[in-house]
Amino acid sequence: MEKLKVMVVDDESRMRKLVRDFLVRQDFDVIEAGDGEQAVDLFFEEKDIALIILDVMMPKMDGWQVCREIRKHSKVPIIMLTARGDEQDELLGFELGVDEYISKPFSPKILVARVEAILRRTNAISSDSVITAGILSLDKAAHQVKVDGREVELSFKEFELLSYFMENQGLALSREKILNNVWNYDYFGDARTIDTHVKKLRSKLGKAGDYIRTIWGMGYKFEVEA
């Protein structure tokens, strides 16, 4: 299988090398840009970039400008990196179509896990785009969920949680395993976080919410009765 190409955009060469080294270990092909203008030029030259890791604070063109320019032409997944933990920055990022938002300093292992999770979600690392179970249908490529043909609006994490359940139908999943896979190993909350998300997910799915069964003292199982 051909390696997926990731573009890392940061004006700090040390940061680019750190991220590149971790991505290369996971068998990604990595290209680098040291400023916003170079990033835009490279993006249109390369054509086959699967995902962009983009720093906010850069010379010539900042990350927001780069994101706006790329979004005029492409829906390529973008992870924004910033040294600021400002909520307004995050909101702006999501309005511009950013897929993930990570504040510095961060763990490179967590960043790579986010990259892989997004590429799985966008179907770059998966052959099966549509999963069906009973009256429930989930399209990973379109990021769409339907119950009995009716579309249901889910949050980002609710969609990832349902995807994980449906990809593991019939398996008993512990809360720890769900946290590790859906929250990408970096969530330091407790099991109540999962229970809260499952409660909301069941409510939104209506009749299909019954497919998510509680295994007392352990976690959950997604199962459709014959």
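Hydrogens, waters and symmetry mates play no part in the numbers below; they use all other heavy atoms, side chains included. Being a predicted model, the structure only gives us computed values, none of them experimental.
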Any salt bridge linking Lys204 with Glu153? Criterion: basic side-chain nitrogen under 4.0 Å from a carboxylate oxygen. no
Can you check whether Asp148 reaches Lys207 side chain to side chain, under 4.5 Å on heavy atoms? yes
Do the side-chain N and O atoms of Gln169 and Glu223 include a donor-acceptor pair separated by under 3.5 angstrom? no
Could you check whether the rings of His143 and Phe156 sit parallel, tilted or perpendicular, using 30° and 60° as the cut-offs? parallel
Check whether the ring centres of Phe43 and His73 lie less than 6.0 Å apart, and answer yes or no. no
N-O pairing of Asp21 and Arg25 below 4.0 Å: no
Note, Ile79 side chain near Leu111 side chain (heavy atom, < 4.5 Å): yes
Asp55/Lys104 salt bridge by N-O under 4.0 Å criterion: yes
Check salt bridge (Lys or Arg N to Asp or Glu O under 4.0 Å) between Lys72 and all other residues, then give those that pass, not counting sequence neighbours. Glu69
Is the count of non-hydrogen atoms from other residues, nucleotides or ligands lying under 6.0 Å from Lys5 atom NZ greater than 12? yes
Flag the pair Leu173 / Tyr164 as yes when at least one side-chain heavy-atom distance between them is below 4.5 Å, and no otherwise. yes
Compute whether any side-chain donor of one residue and acceptor of the other, for Asp195 and Tyr220, lie under 3.5 angstrom apart. yes
For the side chain of Arg68 and the backbone of Arg71, is there at least one donor-acceptor N/O pair under 3.5 Å apart? no
Do the charged groups of Glu167 and Lys140 touch, with an N to O distance under 4.0 Å? yes
